Participant: 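The structure under discussion is supplied below as structure tokens; questions concerning it will follow.
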Amino acid sequence: MDQEQHGEQQDHHLDMEQAEAEQVLDDVAFYRTLIVNVIFIGKEQTDDWVLVDCGISHYSRRIIAAAEKRYGSRPPKAIVLTHGHFDHVGSAKKLADHWNVPIFIHPMEMDYVTNQRDYPVGDATVGGGFFALISPFFPTHQPDLSRYIHAIPNDGKLPSLPDWQVIHTPGHTPGHVALYRPHDGTLLAGDAFITVKQESSMAVFIQHQHVHGPPAYFTHNWEEAEKSVQKLAALNPVTAITGHGLPMGGEDLSHQLKELASNFRELAVPKHKRKLH
């Protein structure tokens, strides 16, 4: 074994030691890739599991390690993306290459993950902290996923997730989606709303838990974002796992999500962008 291979093997062992999904329900777990969550749907050691979102780039090995701890060598049935921002698709291509599985995304996100369009540059004027300030430097040109990408059907049903509804929740991006399981009220909200003030690096670091609107620096249609939060609040979810922040449930989730839906413009929309119809 040469030095490079030995180093890669050591890195792999380190990834295996550090990467482990945190269980929320018996068949739902999440793993945080620095600033964003990836979600595993499926009980441990099942052949029938799905990955939701793919985190930032250079995290594919750790996501694979977390998956192997939970499912062994079994690949997922599919990968589902809530949207195509860099922190949700960064490791998507390497994961799909490794597992050779399809990736599903809303049709309105297709152009962004097939090199046809770039997302708008982050808006540093929204305020709120360090991440907002540096957001113009975040990647807006995403990896080309043409080889693996498929459009989520119009009816919001995926064969690999028969118990889940895919709900179009535009605003943060045009084709943003959330996933909802009616029988137990589990909601995977993506960035439609989140449970940490993502603009602030300090809030992200300490993971102070509170329901917030979508990351402001990358949200460009606040009218649609407001409607999407109201749509999700109307579901009365029992448990929510969001793209950023810790899972929430119970009265805290119910109260805070309803408050956000009712007072979205005051609580979520930056002051200089509050001229909503």
Side-chain angles (χ1 to χ4, degrees), residues 1 3-104 131 138-139 142-143 145 148 160-161 179 186 188-191 194-196 198 201 203-209 239-248:
M1 181 184 298
Q3 187 173 358
E4 182 177 355
Q5 288 176 320
H6 180 68
E8 288 179 355
Q9 190 176 65
Q10 286 184 319
D11 287 345
H12 178 72
H13 289 320
L14 182 61
D15 291 339
M16 285 294 292
E17 290 173 4
Q18 294 179 340
E20 186 164 358
E22 298 181 50
Q23 189 151 302
V24 181
L25 303 171
D26 66 344
D27 65 343
V28 180
F30 77 102
Y31 174 62
R32 186 154 67 103
T33 66
L34 192 62
I35 61 169
V36 64
N37 300 321
V38 302
I39 301 169
F40 301 95
I41 301 177
K43 293 182 179 181
E44 290 185 272
Q45 303 308 318
T46 183
D47 292 324
D48 192 15
W49 69 279
V50 169
L51 181 70
V52 178
D53 285 336
C54 294
I56 60 175
S57 60
H58 307 301
Y59 257 77
S60 57
R61 270 198 310 217
R62 294 188 186 187
I63 295 170
I64 291 166
E68 288 178 350
K69 282 187 177 179
R70 189 168 174 84
Y71 304 110
S73 60
R74 304 169 182 87
K77 296 295 184 183
I79 294 170
V80 180
L81 299 175
T82 59
H83 59 299
H85 278 157
F86 80 100
D87 50 343
H88 293 255
V89 306
S91 295
K93 190 173 186 301
K94 288 189 176 181
L95 292 173
D97 283 341
H98 178 79
W99 286 318
N100 191 27
V101 295
I103 302 174
F104 289 92
F131 282 154
F138 290 160
Q142 311 310 339
L145 303 179
Y148 299 103
S160 49
L161 290 173
L179 282 73
T186 302
L188 311 183
D191 286 1
I194 55 179
T195 61
V196 69
Q198 188 60 28
S201 59
V204 171
F205 177 73
I206 65 175
Q207 287 292 288
H208 176 67
Q209 189 181 51
T239 304
I241 308 175
T242 59
H244 305 270
L246 297 171
M248 286 188 71

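What you are looking at is a predicted structure, and each value in this text was computed from that prediction instead of being measured.
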Participant: Assess whether side chain to side chain contact (heavy atoms under 4.5 Å, CB included) is satisfied between Asp27 and Trp49, documenting all intermediate values.
Facilitator: CA-CA 9 Å; Asp27 65 343; Trp49 69 279; over 6 Å; no

Participant: Among Ile63, Val52, Ile79, exactly one meets side chain to side chain contact (heavy atoms under 4.5 Å, CB included) together with Val38. Which residue is that?
Facilitator: Ile63

Participant: Once you round to the nearest 0.5 Å, how far does CD1 of Ile194 lie from CD1 of Ile241?
Facilitator: 15.0 Å

Participant: Nearest heavy-atom pair of Ala189 and Thr242: which atoms, and what distance?
Facilitator: CB-CG2, 3.9 Å

Participant: I'd like to check the side-chain contact (heavy atoms from CB on, under 4.5 Å) partners of Gln23; sequence neighbours left out, ordered by chain and number.
Facilitator: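 In terms of side-chain contact (heavy atoms from CB on, under 4.5 Å), with neighbours along the sequence ignored, Gln23 is linked to Asp26, Glu44, Arg70.
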
Participant: If the plane angle is over 60° it's perpendicular, under 30° parallel, otherwise tilted; pick one for His88 and His244.
Facilitator: perpendicular

Participant: To check you understand the geometry: which heavy-atom pair defines the closest contact between Pro143 and Val89, and what is its length?
Facilitator: CD-CG2, 3.9 Å

Participant: Measure the shortest side-chain to side-chain distance between Tyr31 and Glu20 over non-hydrogen atoms and say whether it is less than 4.5 angstrom.
Facilitator: no

Participant: Apply side-chain contact (heavy atoms from CB on, under 4.5 Å) to Ser160 and list each qualifying residue two or more places apart in sequence or on a separate chain.
Facilitator: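 Applying side-chain contact (heavy atoms from CB on, under 4.5 Å) to Ser160 gives Val50, Lys77, Ala78, Leu158.
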
Participant: So, do Pro75 and Asn100 sit near enough that their side-chain heavy atoms are less than 4.5 Å apart?
Facilitator: no

Participant: Given side chains that start at C-beta, do those of Leu246 and Val196 come closer than 4.5 Å, heavy atoms only?
Facilitator: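 They are not in side-chain contact.
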
Participant: Check whether any side-chain N or O of Ser57 sits under 3.5 Å from a backbone N or O of Ser91 as a donor-acceptor pair, and report yes or no.
Facilitator: no

Participant: Taking side-chain contact (heavy atoms from CB on, under 4.5 Å) as the definition, give me every residue that meets it alongside Lys93, ordered by chain and number, with sequence neighbours left out.
Facilitator: Asp97, Leu145

Participant: How long is the straight-line distance from OG1 of Thr239 back to CG of Leu25, given to the nearest 0.5 Å?
Facilitator: 5.0 Å

Participant: Please state whether the rings of Tyr71 and Phe40 are parallel, tilted or perpendicular, taking 30° and 60° as the class boundaries.
Facilitator: tilted

Participant: Please round to the nearest 0.5 Å and tell me the distance separating atom CG of Asp191 and atom NE2 of His83.
Facilitator: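 Rounded to the nearest 0.5 Å, the CG-NE2 separation comes out at 4.0 Å.
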
Participant: Between CG of Leu179 and CD1 of Ile39, what distance do you get to the nearest 0.5 Å?
Facilitator: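 CD1 of Ile39 is found 8.0 Å from CG of Leu179.
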
Participant: What distance separates Asp87 CG from Cys54 SG, expressed to the nearest 0.5 Å?
Facilitator: 11.5 Å

Participant: Determine the minimum heavy-atom distance between Arg32 and Leu34, stating which atoms define it.
Facilitator: NH1-O, 3.1 Å

Participant: Ala96: what forms a side-chain contact (heavy atoms from CB on, under 4.5 Å) with it, not counting sequence neighbours?
Facilitator: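 Applying side-chain contact (heavy atoms from CB on, under 4.5 Å) to Ala96 gives Ile103, Tyr148.
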
Participant: Using ring pair (Phe, Tyr, Trp, His ring centres under 6.0 Å) as the criterion, list what pairs up with Tyr59, not counting sequence neighbours.
Facilitator: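 None.
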
Participant: List for me each residue that meets side chain to side chain donor-acceptor pair (under 3.5 Å) alongside Asp47, sequence neighbours excluded, and say none if there are none.
Facilitator: Arg74

Participant: Check whether any side-chain heavy atom of Asp53 sits under 4.5 Å from a side-chain heavy atom of Asn37, and report yes or no.
Facilitator: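 Side-chain contact under 4.5 Å: no.
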
Participant: Do Ile41 and Val80 make a side-chain contact, defined as non-hydrogen atoms from C-beta onward lying under 4.5 Å apart?
Facilitator: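 A side-chain contact is absent here, since even the closest heavy-atom pair is not under 4.5 Å.
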
